[in-house]
Structure formats: C-alpha cells, structure tokens
Protein chains: 2
Amino acid sequence: MASIKDVAAEAGVSVATVSRVLNSHPSVSEEARTRVLAAVEALGYRPNAVARSLRTAQTRTLGLVISDVLNPYFTELARFVEEEARALGYSVIIGNADERPELQDHHIRTLIDRRIDGLLVSPADGGSPLMRDVTLGGTPMVFVDRWIPGIDVPVVRADGTGAVKDLVAHLHGLGHRRLAIIAGPAATTTGNERVEAFREAMRGLGLALPAAYIGQGDFQAASGRRATEQFLALAEPPEVVFAADNLMALGALDAIRARGLRVPDDIALAAFDDIPWFVHTDPPITAIAQPTADLARAAVRALADLIEGRTPQSVTLPARLVVRRSCGGAATNQRSDR
Amino acid sequence: MASIKDVAAEAGVSVATVSRVLNSHPSVSEEARTRVLAAVEALGYRPNAVARSLRTAQTRTLGLVISDVLNPYFTELARFVEEEARALGYSVIIGNADERPELQDHHIRTLIDRRIDGLLVSPADGGSPLMRDVTLGGTPMVFVDRWIPGIDVPVVRADGTGAVKDLVAHLHGLGHRRLAIIAGPAATTTGNERVEAFREAMRGLGLALPAAYIGQGDFQAASGRRATEQFLALAEPPEVVFAADNLMALGALDAIRARGLRVPDDIALAAFDDIPWFVHTDPPITAIAQPTADLARAAVRALADLIEGRTPQSVTLPARLVVRRSCGGAATNQRSDR
DNA sequence: ATCATGCGTGTAATCGATTCCACGGCGTCC
DNA sequence: GGACGCCGTGGAATCGATTACACGCATGAT
C-alpha cells in the first residue's frame with residue numbers, strides 16, 4: 001500500500017508538504033497542493049491510521065463495552081452510539097461482555113491497549129480493580145445505563161422510578177395484589193434500582209413484597225425461566241410477574257407456557273425495557289420503555305466532552321410505561337403502542 | 001502511560017531485551033527475564049498495540065461489516081464471529097451498514113485505513129467499486145451470508161433451497177395454494193436466491209407465482225408492512241405470506257393486525273431466519289432457521305486461513321424448516337421448537 | 001594457545017505519519 | 001540599500017514498538 005513517501009516522491013515534494021496538504025495546513029502553495037492531490041489520486045493513497053495514531057496519540061475511536069449484545073436493548077443502544085459517534089468523527093469498537101465480568105475486563109484491557117480515546121461502559125458487575133484503574137490511567141470514561149458507585153465518572157442513564165410507580169398503580173387498578181419481581185444481578189445498579197423502585201411503589205399502595213416474590217435473575221432468559229418456575233411452584237403463586245429486563249421476560253413467558261398457563265388470564269406479565277417484538281407476542285407485553293436513542297447520544301456527547309476537554313454532563317432521562325394486554329384489562333388506556 | 005523505555009530503565013536493560021522478554025524470545029537470561037517482568041509489574045506496563053501494529057504490519061483485528069445490526073440474525077452472527085475470533089487471538093470491529101451501500105463503503109474504508117488484518121462482509125448491495133478494490137489492495141476478505149458474484153473470495157453461507165422446498169410442501173399440505181413472498185433487495189444474493197428457491201418449489205408442485213404475489217422489500221420492517229398491505233388490497237389476496245427475513249415478517253404481522261385479520265385463520269405467515277421471539281409471537285411463527293453459530297465459526301476460520309497463508313474453504317450449510325402455528329394446522333408435526 | 005561457536009545483550013534502523021526548526025527568497029519599510 | 005519579516009518548503013526528530021546486526025565473553029575443539 002502506498003505510503004506518504006510514495007506520494008511525496010510522485011509529487012516531487014517532501015513528506016512534510018504532503019502531510020500539510022492532507023491536514024489542510026494553511027501554508028502550502030496552491031501549486032504544491034494540486035501536485036500532491038494529483039499524486040494522492042494517482043496512487044490511491046490513504047493515510048495509515050495506525051501511524052497517525054502513534055504520532056498524534058489519538059485514535060478517534062471510542063470503546064463501548066456492553067453487558068450483552070443479544071439483548072435488543074443493548075443492540076439498539078450500540079447502534080445509536082455508533083451513529084452519534086460517527087457524526088462526531090469517531091469510530092466505535094464494541095466489546096460484548098456477555099454479563100461475564102472477566103470477559104468485560106478482557107475487553108477493557110484490549111481497548112486500552114489499542115489506545116482508544118475514551119470508554120463507554122455499561123458494567124456487568126460491581127467493578128473490578130481494573131475498572132477502577134482505568135480512570136487513574138487517564139482514559140476518559142462514561143457509564144451508560146448501569147454505573148458503579150464510588151467511581152467518579154459521568155453517568156448517563158434512565159430513571160425508571162416514575163414508570164415503575166405507574167406500572168404498579170396500573171396493576172393495582174386492575175385488581176392485582178400479589179406482585180412478584182424477577183430481579184437482575186445485585187452487583188448491577190439497574191439490578192437493584194428496579195427492585196427498590198418496585199418495592200417502594202408497592203409500599204406506597206400498602207402492598208407487601210415478601211421475599212418469596214423476589215426472584216433472583218441475571219438478565220438472561222434462562223434465569224427468568226427458573227425464577228418463574230419457582231413462583232409458580234409456590235402454594236400461593238403471584239398474580240403478576242415483573243421481569244427486570246426483556247430477556248428474563250422471554251424466559252418467564254417460556255415457563256408460563258410450559259405450565260400450560262395463559263397470560264394474562266392465569267398470570268400477568270410485565271417487563272423493563274421495551275422492544276419491537278413485545279407488540280407481537282402473545283399477548284402484547286406491557287413494558288417500561290427507555291429513551292434509548294437519547295441515552296446513546298447523551299453518553300457519546302459526554303464522552304466526547306471529556307475527551308476534548310470540555311465539561312461533561314451526567315444525564316438522567318425518565319423511562320415511561322407502555323401499557324399493552326399482558327396484565328389484563330382492555331388495553332384502551334394505553335399511552336402508546338410501538 | 002509507561003512505555004517500553006520506562007520498563008527498560010526500571011529493569012536496567014535495553015529496550016531490545018524488554019521486547020524479547022515480552023515476545024518470549026528464547027535468548028534472554030533467566031536473570032534479565034525476572035528483572036524485566038518485575039519492572040513490568042511495578043509500572044503496570046502494557047505494550048502499546050498501535051506502535052506494535054505499525055512495526056509488525058499486523059493488527060490482530062478483523063473487520064465485520066454487516067447489513068443491519070438490529071436484525072437479530074446479524075446480531076447473533078456478530079456475537080459468534082467475535083467469539084470465534086477471540087478464540088483465535090483476534091479482535092473484531094463491527095461496522096453496521098444499515099442496508100445502505102454508502103455507509104457500507106464508509107466502514108470498509110475506515111477499517112482498511114486502520115489496517116485490519118482481514119474483512120468479513122455481508123454485502124448490502126451488488127458491490128461498489130471500492131469493494132472490488134479491497135482484494136486488489138491485498139486485504140484478505142471473506143463473504144458471509146450474502147456474497148457478490150464476480151468477486152473471487154471465499155463465501156460462507158447457508159443454503160435455504162431445501163428448507164424452502166419443505167416449507168412450500170408444508171403449506172401445500174395444509175391446503176394453501178395462493179402463496180406470496182416478500183423479497184429482499186434484488187442487489188443481494190439472499191434477496192434473489194430466496195425468491196428463486198420459492199418459485200422453483202412452487203413450480204415443482206404445479207403452483208404459479210404471479211408477479212402481484214412478489215412484494216419488493218428491503219429487509220426492513222417497514223417494507224414488510226408496505227408489501228403486505230399491497231397483498232391485502234388485492235382482489236384475490238394470497239393465503240400465505242412468506243417474508244424473506246425476520247424484520248419484514250414483523251412488518252407483515254403489523255400490517256395484518258392493523259387490518260384486523262388473524263394469523264393463521266385469515267392469512268398464514270412464514271419467515272426466513274428464525275429468532276427466539278418467534279416462539280412467543282401470536283401465533284408462534286413458522287420459520288427457516290440458519291445454523292448461525294456454525295456459519296460464524298466457518299467464516300472466521302476461512303478468514304484466518306486466508307490471513308495466515310493457509311488455503312481457505314468456502315462453506316455452504318443447509319438451513320432447516322421449523323414448523324410452528326402461523327401457517328395453520330396443529331403444530332404436531334413440528335421438528336423442533338426453540 | 002588459538003580459533004570457531006554460540007549465547008546474551010545493546011545499538012540502531014525501521015514502520016508511516018506529524019511537527020518543530022531552519023533556510024532561502026521575496027516584498028516592505030525606513 | 002539594508003534590515004526585517006513572512007511565506008513556502010525541506011530536514012530531521014519523534015511516537016513505541018520489533019528486529020537485524022555487531023560485540024563481548026565464555027566454552028569447547030583442535
């Protein structure tokens with residue numbers, strides 16, 4: 001592949017001049033510029049990003065480490081992150097942690113070895129030593145969706161408290177009293193917050209949340225299945241299962257169907273994170289929708305601010321309830337569908 | 001961040017020795033090795049991958065350009081590609097083309113500028129000049145899922161002919177005669193092949209495929225909706241709609257529901273590409289499943305072979321029919337579910 | 001004793017860019 | 001007319017690694 005030297009030779013100028021033309025430095029004669037441009041064209045020259053990065057100490061690349069690409073919520077997040085990053089002149093390298101802390105560490109290490117300019121992380125756990133060292137090492141970092149208390153970086157996330165409250169009120173209004181939740185990993189903030197919001201909302205309506213109605217999940221479908229089976233095996237099973245993410249809701253649906261039960265007649269179901277498929281499940285599933293695109297944009301902007309020396313902002317956006325038919329009632333009071 | 005010079009100074013040796021230790025070159029004394037390792041530990045040194053890549057002219061990175069990350073099929077493919085690549089010591093950078101050829105070109109160019117060692121592509125179109133230049137430029141390339149006739153690189157894909165034949169036979173057995181298809185873009189091989197296989201299978205059973213029963217889609221949900229609306233507006237609408245990918249099936253479902261019709265009673269639906277959600281849609285959707293994990297693995301291995309100087313193999317694996325309830329009949333004859 | 005061998009190590013070139021500094025030529029001003 | 005400054009340009013250092021080559025020293029063969 002042609003290098004800057006080849007271009008310089010072809011154009012009959014020095015490499016310095018070629019570099020100046022390529023970076024639109026002002027002090028280059030019009031004549032030299034056209035000669036260089038012609039040579040670039042003739043050779044099909046493209047600057048070597050690796051060499052450039054070595055010299056300038058910046059890669060114009062962001063790392064995005066997410067907990068699970070197969071979760072449509074994160075897929076969508078990744079897509080919007082890339083879009084916004086591209087608009088700001090950055091590329092994105094995605095690392096999929098599969099909810100495994102050691103894989104997350106692997107990706108973070110690899111990304112830092114590649115000298116990415118900044119890191120966007122949705123941590124799968126409570127924070128490894130490595131993660132704490134990242135910022136000390138000087139790599140700009142922003143948390144998105146989930147964060148780690150005690151690590152002082154900007155956080156961009158959705159607040160589901162209001163939406164969960166709306167959900168519980170909706171369920172209560174439909175006559176449900178025994179509500180159960182499938183929680184996410186305790187090591188994640190979203191795992192805890194959603195349970196807390198749920199508990200709080202129930203307390204507000206004078207409802208109890210017994211320990212047996214709190215299933216422990218890990219944000220994966222299989223755990224939703226297991227937790228739901230346990231609920232259904234109880235002497236007094238819950239009337240509603242609320243899954244803290246969409247994959248566990250899928251698992252819950254599996255388990256309910258395997259038992260030969262129907263939603264919402266035999267048991268109601270709701271989920272955190274809305275996805276297009278929820279419109280077409282049997283029945284359509286009531287869910288709490290996050291403003292994914294806005295979150296992605298805000299996160300990228302915060303990271304770019306950090307990288308480029310501006311003051312980044314933590315952002316919290318409200319999630320909202322989308323009522324469908326999986327909890328019973330005519331879905332006439334639904335705010336939105338798709 | 002500490003560089004190799006710092007380590008050399010700390011250990012009291014030259015940078016050459018440090019480099020030798022790091023690359024486990026044999027001729028280093030045990031004593032020097034321990035001193036270097038201690039220095040590496042003390043400084044928390046990590047080699048700069050950018051500098052290393054510049055010198056060695058390899059990045060241990062593969063580029064994966066897919067047509068649409070939001071399509072669960074490609075998400076899954078990407079996930080398995082990363083997994084296999086990691087096992088072989090490569091990282092993966094994903095470029096999402098969003099079915100837009102110019103975005104695809106943008107990603108290919110960016111990836112090549114970064115000097116990735118090889119490129120895995122599922123082309124969104126019939127092949128831009130850029131794509132043709134890639135291999136000429138010396139970058140190893142492998143096509144996965146879709147390919148471009150006339151570009152001589154290994155292709156790893158699924159063959160749906162048999163499964164489509166099974167599907168049409170299944171539909172015929174259920175008494176359906178008027179079958180329609182929502183095709184993918186004519187510029188993609190998968191867009192054409194699926195229609196051809198469908199037409200062929202119908203001919204085999206003596207059924208006609210009128211032009212009005214061939215909807216033009218672009219693999220996105222909205223196009224599935226439009227095509228289905230057109231089918232439903234026909235004087236004699238089809239009894240079955242077969243969508244050439246899962247997103248168009250989602251759109252078709254939207255359109256059918258918007259008309260107040262029911263699947264499969266009023267109209268049957270089937271899709272190419274099986275995804276976990278199809279088990280839980282209303283009704284569960286009959287689909288043709290590709291061996292995604294195997295495709296991903298075969299593609300990465302072919303690319304690694306090409307990069308590392310071995311002889312790569314093109315691979316074609318059979319897709320298979322998964323019967324569910326969306327085409328009518330008791331789904332007792334289903335081969336597999338999930 | 002002499003010389004070849006080989007091992008461990010360091011010096012320096014190199015990858016492909018960016019950028020500081022110096023230099024020659026020209027115009028301007030006094 | 002000479003001093004000064006500006007402009008366009010090239011030479012060379014630099015980023016952080018890898019690696020060819022050379023060198024010093026110990027060892028073994030002759």
Side-chain angles (χ1 to χ4, degrees), chain A residues 1-37 39-40 43-61 109-117 137-139, chain B residues 1-37 39-40 43-61 109-117 137-139:
Chain A
M1 237 173 274
S3 85
I4 196 171
K5 276 188 204 152
D6 303 318
V7 177
E10 173 84 12
V13 297
S14 72
V15 292
T17 299
V18 176
S19 177
R20 288 195 190 95
V21 171
L22 264 35
N23 295 285
S24 38
H25 184 96
S27 70
V28 179
S29 69
E30 200 47 50
E31 205 238 320
R33 184 184 313 278
T34 41
R35 285 234 304 286
V36 168
L37 260 21
V40 165
L43 297 173
Y45 169 76
R46 302 237 78 214
N48 182 327
V50 175
R52 188 196 294 247
S53 292
L54 177 60
R55 181 58 233 242
T56 61
Q58 51 165 334
T59 50
R60 301 293 307 173
T61 303
R109 217 186 305 271
T110 310
L111 290 167
I112 290 183
D113 286 354
R114 284 166 188 263
R115 300 297 191 268
I116 44 128
D117 292 344
T139 305
Chain B
M1 238 174 273
S3 87
I4 196 169
K5 277 188 202 151
D6 303 316
V7 176
E10 172 84 11
V13 297
S14 73
V15 293
T17 300
V18 176
S19 176
R20 288 193 190 98
V21 172
L22 263 36
N23 295 287
S24 38
H25 185 97
S27 72
V28 179
S29 69
E30 200 47 50
E31 205 236 321
R33 183 184 312 279
T34 43
R35 285 233 304 286
V36 167
L37 259 23
V40 165
L43 298 174
Y45 169 75
R46 302 237 81 214
N48 183 328
V50 175
R52 187 196 295 246
S53 293
L54 176 60
R55 182 59 235 242
T56 61
Q58 51 166 338
T59 50
R60 300 293 308 171
T61 303
R109 215 186 308 270
T110 309
L111 290 166
I112 290 182
D113 286 354
R114 285 167 188 259
R115 300 297 191 267
I116 43 128
D117 292 343
T139 304

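Every value quoted in this text rests on a predicted model; they were computed, and no experiment measured them. Proteins get letters first, then strands, A, B, ... in listed order; numbering begins at 1 in each.
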Open item on the list: Going by side chain to side chain donor-acceptor pair (under 3.5 Å), name the residues that satisfy it together with A/Ser53, two or more places apart in sequence or in a different chain.
Closed with: none
Open item on the list: Between P on C/dG10 and NZ on B/Lys5, what's the gap in Å once rounded to a whole number?
Closed with: 16 Å
Open item on the list: Using a 4.0 Å cut-off to any heavy atom of chain A, which nucleotides of DNA chain D are the first and last in contact, reading 5' to 3'?
Closed with: D/dG8 to D/dG16
Task: Helical bend (five base pairs per end, nearest 10°) for the helix from C/dA1-D/dT30 to C/dC30-D/dG1 - done: 60°
Side-chain donor-acceptor pairs of residues 44-52 of chain B under 3.5 Å, sequence neighbours excluded:
residue: B/Arg46; atom: NH1; partner: A/Asp113; partner atom: OD1; Å: 3.3
residue: B/Arg46; atom: NH1; partner: A/Asp113; partner atom: OD2; Å: 2.6
residue: B/Asn48; atom: OD1; partner: B/Val50; partner atom: N; Å: 2.8
residue: B/Asn48; atom: OD1; partner: B/Ala51; partner atom: N; Å: 3.2

- [ ] Look at all strands and tell whether A/Val13 reaches a base, only sugar-phosphate, or nothing, counting heavy atoms closer than 4.0 Å.
- [x] sugar-phosphate
TODO: Rounded to the nearest 0.5 Å, what's the gap from OG1 on B/Thr61 to CZ on B/Arg115? Could you check?
DONE: 13.0 Å
Open item on the list: Ignoring hydrogens, what is the shortest heavy-atom contact between A/Ile116 and A/Thr59? Give both atom names and the distance.
Closed with: CA-OG1, 3.4 Å
TODO: Name all residues meeting the side chain to side chain donor-acceptor pair (under 3.5 Å) criterion together with A/Ser19; count only those two or more places apart in sequence or in a different chain, and write none if there are none.
DONE: A/Asn23
Task: Annotated protein contacts, base or backbone, on nucleotides 18-23 of chain C with a non-hydrogen cut-off under 4.0 Å, one of B, S, - each - done: BBB---
TODO: Could you check whether A/Ser29 gets within reach of a base, just the sugar-phosphate, or nothing at all, counting any heavy atom under 4.0 Å?
DONE: sugar-phosphate
Open item on the list: Restricting to non-hydrogen atoms, name the atom on A/Gln58 and the atom on A/Asp117 that form the minimum distance, rounded to 0.1 Å.
Closed with: CA-OD1, 3.5 Å
Open item on the list: So A/Ala32, base contact, sugar-phosphate only, or nothing? Heavy-atom distance under 4.0 Å.
Closed with: sugar-phosphate
